[in-house]
Each structure stands twice: as C-alpha cells, then as structure tokens.
Amino acid sequence: MRLSELLHCHVIDAGGASLGSVVDVLAVWDGPPSDGSDATLRIAGLVVGRRGIGVRLGFHRARMTGPWPLASLLDRLERRSSYVEWEKVTSRDADTIRVSARRSDLRPPPPLPR
Amino acid sequence: MLIVALVAVAAGCVAHPVGPARTYGKYEGKAVTTAKGALSAVETARLIADSASRGNAFGPYTGIVVSEAEDSASGVQGTFASIQPPDDRAGKLSSELDAVLSDAVTHLRDLRVAARRDELSRLGDVAAPLADDSRRLNDFIQAHQ
Amino acid sequence: MKRAVQVTLGILTAIGGFVDIGDLVANSETGARFGLNLAWVVVVGVIGIIVFAEMAGRVATVSRRPVFDLVRERLGPAFGLANLIASFFINFLTLTAEIAGVAIALSLVASVDYLLLIPFAAFLVWLVIWRLPFQRMEQLFGLLGLALIVVLVTVVKIGPDWNDLFRQAAHPHVPSQETPFTYAYFAIALFGAAMTPYEVFFFSSGAVEEKWTLSDLTLNRANVFVGFPLGAVLSLSLMVGAALVLQPRNISVDQLSQVGLPTVFALGKVGLATVLVGIFAATFGAALETGLSAGYTVAQYLGWPWGKHLRPDQAPRFHLVVLLSIAVATLFGLSGVDPVKVTEYSIVLSAAALPLTYFPILVIANDTDYMGDKTNGRWVNAIGFIYLVVLVVIAVATIPLMIITKGGA
Amino acid sequence: MAERQYYLGLDLLDRQLVADDGSLVGKVDDLELERCDGGDELCVTALLSGPGVLAQRMGRRYGGWVQQAQRALGRAGGDPTRIPLARVVSIGSHIELAPGSDELAGPAMDHWVNEHVIGHIPGSRHAPE
C-alpha cells in the first residue's frame, strides 16, 4: 500500500466516536541509515485529527522558533490533534482504522528531538 | 479566484469596455473622461514638440511619442462617438466636444507628419495650434466637471 | 579586496535590478496622477521586499532549497500546485510585459513599430538565457540598469523645493478628483511593483545558482539592505519627475515612452539617450529574470534539475519550460494587448499573490531543522509577521478593488 | 547511531531527491508501505517518485489521466520510480541517494526531452560562457 492511502483513512476510537483522519505518521528507523538492506523504517504511531494547514506546517512536531503570534496559534491548532500508538490499532481496512484507545486518554503528538 | 482574475485580465488587456450612458449625468461624466484623455495626448505632444524644436530630443523618439499621442486622441474620440447620447442635451454636448476633438486630432496629425519628416526645428510652430485645443479642452472639463 | 568588489558589484546589480517595467509604469503613472500622495507606498514596499528577499536568500543559502521547493514541501502538493499555477500565470504576464518593454525601448531608437521588434526582443532574451553565464548576465544588465540614475539627475536638475516635496510626501491625502478606491488600487499597484514575487524566486534561485555559502550571507545582506533602498530611490525619482513635469500639464501616463518625458524636459538629448538605455536594460534584465523564473518555479515544484549553472542538456525540462514560456509570451504580446495594461495587471495581481510565497518562506526561516542557528531573529520576525498581515489584507482587497475601479480607470 | 524518528508526512513526503553526484532526480511523491517481516506492523519499504505517483496521490481521477498520458508517451512519460529504502543515504532538507540513479524516471524524461527538443538546439552541450 501507499502512505497516501493511509493518510486518507478515517479513525474511530474504542467507543465508536470519530477521531478525525490520519494527518501524519510517526516512523522509527531501526538500524542506521545507509547500512545495507537490513535497515527498516517502522511505523510507530498515527497523528490523528482534523486535516488543516497547521498540522502540515509542523509547528508543534518540528522545532519552529516563531514568528510568535503565528507559532503559538499553529502550535495550539496542532496540539488539538492526538497521537495513537500503532499497537492500539485493532482493525484496518481501505478507509477506516479502529483503535482501542479513547479520545480522553490520548495526548498530542510528541515533538521530535533534533 | 484565479478564474475571476483571468477573466478580468483578459477583458482588461484586450479592449477598453465602454458601457452605455443612460442619463445625461452619466454621459457628461464620460465626456469629461474623454476630454481628459485628449488633453493628456495634446499636452504630451506639446511637451515633446517644444523639447524637439529646441534640439532636446531625437527624431525617432519624437516621432513615436507624437504618433502615440495622435492614436490616443483619435482612440478616445472614436470610443466617445460610439456612445449613444441619451437625449438632445447630450447630443449638443457631443457635437461641442467632437468639434474640439476633431481639431485636436487634425493638429496632432500635422505634427506627426512633420515629426516623421524629421523637421524637428519646425515642430514648435506646427504645434502652436495645439495650445488653443488644450485651452478649449480645459474649459470643457472645467465647465462639466 | 576581492570581497569588497563582489559586495559593490552585488549592490550595483541590486540597484539596477530593482526597477523593471512595473516600477517604470506604476511610479510615472501615480506621480502624474496622484503627485506624491502615494510616495509612502514605495517606502512600505521596499521594506517589504527587503524582509522577504533577505529571508529567501538566507533560507536558500543555508538549506540550498529555493522558494518553490519549499512551497510544495510546506503547503503540500495540491495547495502547492494551485500556488504554482497562480504564480506561473502572473509571472507569465510580467514576462510578456517585459518583452514588450524591451521591444518598445528598441522601437524608440529604431523608429519601427514595436510589434515588429517583439520576436527579435524575445529571441535575444532567450539567447542570453541559453548562452550567457548567470553571474555575467546579472552583472551586465544590473550595471546597464544603473543608467536609470539619470531619473534622479532629472529631479535634481529641475531643482524642486525639497522641503515642499517632503511635506507633500509626509502628508498624503486622496486628491479631490480621485476616489478612495482608485487611491487604494494604485497603492496596491505601486506595492506590487516594488515587491514583485519573481524578484524573490530569482533572488533565492540565484543564491543556489551562484553556490552561496554561509560566508556569503554578508553579501546577501549588503545586496538587500543597500541595493534595494537605492533602487527605491530611483522609483521615487520617477514619481517625483512625473509629479513635477507631467502632473501640472494634465498628462496621464499610458505609454512606456512617456516615462522618458521628464528627463527629456530637464536634460535634453543626453538625458533621453541615457534613460532609453536604462529602460532597455531594466526591461531586458527583468525579462531574463521572469523567463528564468518560469522554469525555476515549475522545476522546483516537480524536483527537476534546473539552473544556468548546468549545461542545457543537463536541465532539458527546465530549458523547455523557459523556451515555451518565452514563445507563448511572444505570441501574447503580438496579439495586440496593450503592454501598459498588461503591466498594470501583472503588478496588481503580483501584490495579491504575495502571501502564497511569502508565508512558506516566513515559516521555513523559523525552522531549526533547515536553518540551524540562522533562524529569524526577534525583530525580523516582528516585522515579518506585520508584513504577513499587510499582505493578506492586500490579497483580500485586490480583486474587489479591481472590479470597483474597473482596473483603475 | 541512536534510533531516529521521523514524521513521514512532514519529514519525507515532497522532499527533494538528490543523487550522489548532486543532481536533482525528483521528489518523494509517495511512500510504499508493507508489513514488516509478515507481522502486524507496517514498514516503509521504498520511496516512490514520478508524475503518475503524484497525480494518484492528489486524486484517483488525476492518476488515471496521467497514466493515460504516460501510455501515450511511452517511456518519455516517466514510469513510477521505486527507490528501495536501502538506497537512502541521508534524510534532511533534501534526501540523498546512493549511486545508481540513472534508471530513475526524472533522468529518463530529461533524456527524452534532450533527444527530441533541447539536444537539437545548437549549444545545448556547452556550458554557458
């Protein structure tokens, strides 16, 4: 499958409520890059929420230093999305993903250390 | 948004749209706009004729500026003539302005012919009648603004 | 010493490169029509282009990623594509206007109808893009463009009451014969002329073309902080010249040739010859920049090889886009469109489209992933954000104003 | 080397692909995902690049159009390029690839344009001077 297909999926929580759609995917590189064929980039979790420009710009997940009003606004917009670990995915078909978590238990996506 | 812009640009670049004038007031407004356009052309021609006759401009440049002024004046004249006067009063206004415009276009044509013949030193004399056209256009604008 | 020469050369190029057909037309037109009541817009515009170009140049130097690369990366492929289409179309209008401008400048010397010269001018533009190395091209037309300093000399020669000029410029009002709408419309036109997006496409791609490194950031700043303001002085001189010579005579500017009238009036034949060289160089330089920008934007969006530092057969799709753009612009110019009208629309729409490219650059300039410790400082961000708001307001107002004023008629 | 994490949409999608010789060879238009070692987890196995991939991502309809155009053009249309993850050397403001990029779609399209248009214009094989 392709990443873009995953990015269009609708996400439903344990109680049957909609969490929005997959807006981004967190992946972990097991093993160093450029070190032969055994390096893998494994999907670790989904960023779920409403699609929008704020998420795309990555003000929360990336290291953005400003400009102040814009950064805080977009950061807040992005914090409204939530992060679901891949282990919590219970079923998955062409356009819907069900997860075992509830909205209230979820946290915003983690910013990455750089 | 993009389509609106495209259409606006296409319409704006190709032709100057002339709407109809349904009242005397609207017609008078268009007459003043026309007179201003013609005045600009006449004054442009006078300015370059004056400079050229004193040896301050080259022939090719002078020729093109003058012929653009002529085109511009006859252009606004033609556009104005295509607007139907809504009543008799407007009809009178039309013939009043058209008389001035025709004189101006004739004088600009004379000037263009002289400039194209490279008779730069004569341009001051040839342009002399334009001073009167300019005054009449100005009077017209003052009277109807 | 070599460094000093390079900086000086950069500044001179920036002065000459600042003015193009949009500035020539917009400043003369508004000077003749509004006097100095819109002079403040030139100042606002030049500060805007300084902020924008400095950021774009810094981002391109540090990350080696030019504007449209980042537009797609930050805005996504769909919105990025809409952005590309809008920017490409406006750039195309500007390219058409500049090619026509080159042809008109030549026609004023050769006394041939400019339409006959358009194919020749277009071919010349393409040939220079095809054959001349980037730096030499930039320097040649930048330096020739310095001939436009003659418009400053024009104003000095006329010898106006400077105090009176400053007083007029500092107390702007809407002239009695104009409406607030036409005033606003021409303000946007002037703003768009000063802050044209292609200048930034070109500037940031140029930083990559010339293989700028971190040590060239000083050069970037010098070009922008010294070159652009001096370029703006030329713009203001055009406006003042028109206000002094054309406005009292009730002359309105609707032909490129009229831009030279104040100089003819004040300086005679030598002035005329110089100003024609300046108009030629400014429009030719800008035709090169917009022609290249057509290729830059498409290639950078799609990830193709681009640029003049490569042999044409190493960047064939880029050169194909440039070639086709110039060819179509030539046909559009030959179709009898009024070059001055095309110019007016191109600068007004440029102003409207500015947020599309300004916003991603402002964002990336704050991304430590790209910029390391070269992100925007607090002051740059403060001004950068104010301009973002200004640009958005302008973008929203432009199309309604265009309709209300019937294109500034 | 420490375990590195990436947001695939933010850090990989739409980034510039750069070959080992510094030439630009396309964009990351999509990513290929497969089950890791037959388990439940998904792994990125390859980067995908090419106009068809991009069009498909923006909507199935556009993808169909581009595929039709590609069939008409043959090789010139550029096949979707699959770049195995092992070929990725580094991920940053651009994505650097290991040697062997000649078979990618981008260079193939450039080759076609050269053969049919640009290569026929005098001076195309000379650096500007």
Side-chain angles (χ1 to χ4, degrees), chain C residues 59-60 62-66 68-82 126-137 208-209 211 299-324 364 367-372, chain D residues 6-7 9-19 21-30 47 49-51 53-59 62 76 78 81 91-95 101 104-129:
Chain C
V59 169
V62 176
S63 72
R64 304 195 58 73
R65 301 267 72 87
F68 250 85
D69 202 317
L70 303 172
V71 164
R72 164 149 175 212
E73 204 252 87
R74 279 299 138 132
L75 300 182
F79 192 36
L81 183 64
W126 172 80
L127 193 66
V128 169
I129 290 180
W130 186 254
R131 293 303 294 161
L132 216 59
F134 188 88
Q135 217 158 19
R136 196 150 357 127
M137 173 192 95
V208 179
E209 291 253 30
K211 305 194 170 64
Q300 287 163 13
Y301 175 87
L302 289 165
W304 301 345
W306 54 268
K308 278 180 60 57
H309 57 285
L310 301 170
R311 294 192 329 245
D313 68 343
Q314 290 171 320
R317 284 176 291 176
F318 165 76
H319 273 283
L320 185 64
V321 172
V322 172
L323 179 62
L324 288 177
I364 294 278
D367 189 329
T368 44
D369 265 12
Y370 277 79
M371 301 300 292
Chain D
Y6 297 95
Y7 280 111
L10 193 64
D11 298 327
L12 262 84
L13 274 187
D14 299 309
R15 298 265 165 154
Q16 179 73 46
L17 292 167
V18 181
D21 61 355
S23 60
L24 309 178
V25 291
K27 294 270 181 176
V28 180
D29 290 315
D30 214 335
L47 314 182
S49 178
V53 180
L54 179 63
Q56 186 86 41
R57 178 168 149 218
M58 290 208 260
Y62 306 116
T81 306
I91 299 172
S93 68
H94 60 266
I95 290 172
S101 305
L104 298 182
M109 282 187 277
D110 272 337
H111 187 71
W112 189 89
V113 174
N114 255 337
E115 226 165 56
H116 290 83
V117 192
I118 296 297
H120 294 290
I121 304 172
S124 65
R125 282 172 225 293
H126 298 280
E129 57 199 37

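The structure displayed is predicted, hence computed values, not measured ones. Values below: all heavy atoms of this structure, side chains included; hydrogens, waters and symmetry mates excluded. Each chain gets a letter, A, B and so on, in the order its sequence line appears, and its residues count up from 1.
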Against chain C, label D/Ser124 side chain, backbone, both or neither, depending on which of its atoms sit under 4.5 Å from a heavy atom there.
both

Thinking salt bridges, do C/Asp69 and D/Lys27 make one under a 4.0 Å N-O criterion?
yes

Ignoring hydrogens and angles, tell me if any N or O in the side chain of D/Asn114 forms a donor-acceptor pair with the backbone of C/Pro316 under 3.5 Å.
no

Quick check on the interface: out of C/Ala299, C/Ala315, C/Pro305, who has the most heavy-atom pairs with chain D under 4.5 Å?
C/Pro305

Given side chains that start at C-beta, do those of C/Pro77 and D/Leu54 come closer than 4.5 Å, heavy atoms only?
yes

Counting only non-hydrogen atoms closer than 4.5 Å, does C/Leu70 touch chain D with its backbone (N, CA, C, O), its side chain (CB onward), both, or neither?
neither

To the nearest 0.5 Å, atom CG of C/Leu320 lies from atom CE of D/Met109 at 12.5 Å

Check D/Ser93 against C/Ser63 and note the closest heavy-atom contact, atom names and distance.
OG-O, 3.4 Å

Are the side chains of C/Leu81 and D/Met58 in contact, using a 4.5 Å heavy-atom criterion?
yes

Most contacts with chain C, counted as non-hydrogen pairs under 4.5 angstrom, among D/Val117, D/Asp29, D/Ile121, D/Val28:
D/Ile121

Partners meeting side-chain contact (heavy atoms from CB on, under 4.5 Å) with D/Leu24 (sequence neighbours left out)
C/Arg65, C/Trp306, D/Gln16, D/Val18

Mind checking what makes ring-ring contact (aromatic ring centres under 6.0 Å, His included) contact with C/Tyr301, not counting sequence neighbours?
none

For the pair C/Trp304 and D/Val113, evaluate side-chain contact (heavy atoms from CB on, under 4.5 Å) and give the outcome as yes or no after the intermediate values.
CA-CA 12 Å; C/Trp304 301 345; D/Val113 174; over 6 Å; no

Please walk me through it: do D/Ile118 and C/Trp130 pass side-chain contact (heavy atoms from CB on, under 4.5 Å)?
CA-CA 11 Å; D/Ile118 296 297; C/Trp130 186 254; 3.7 Å; yes

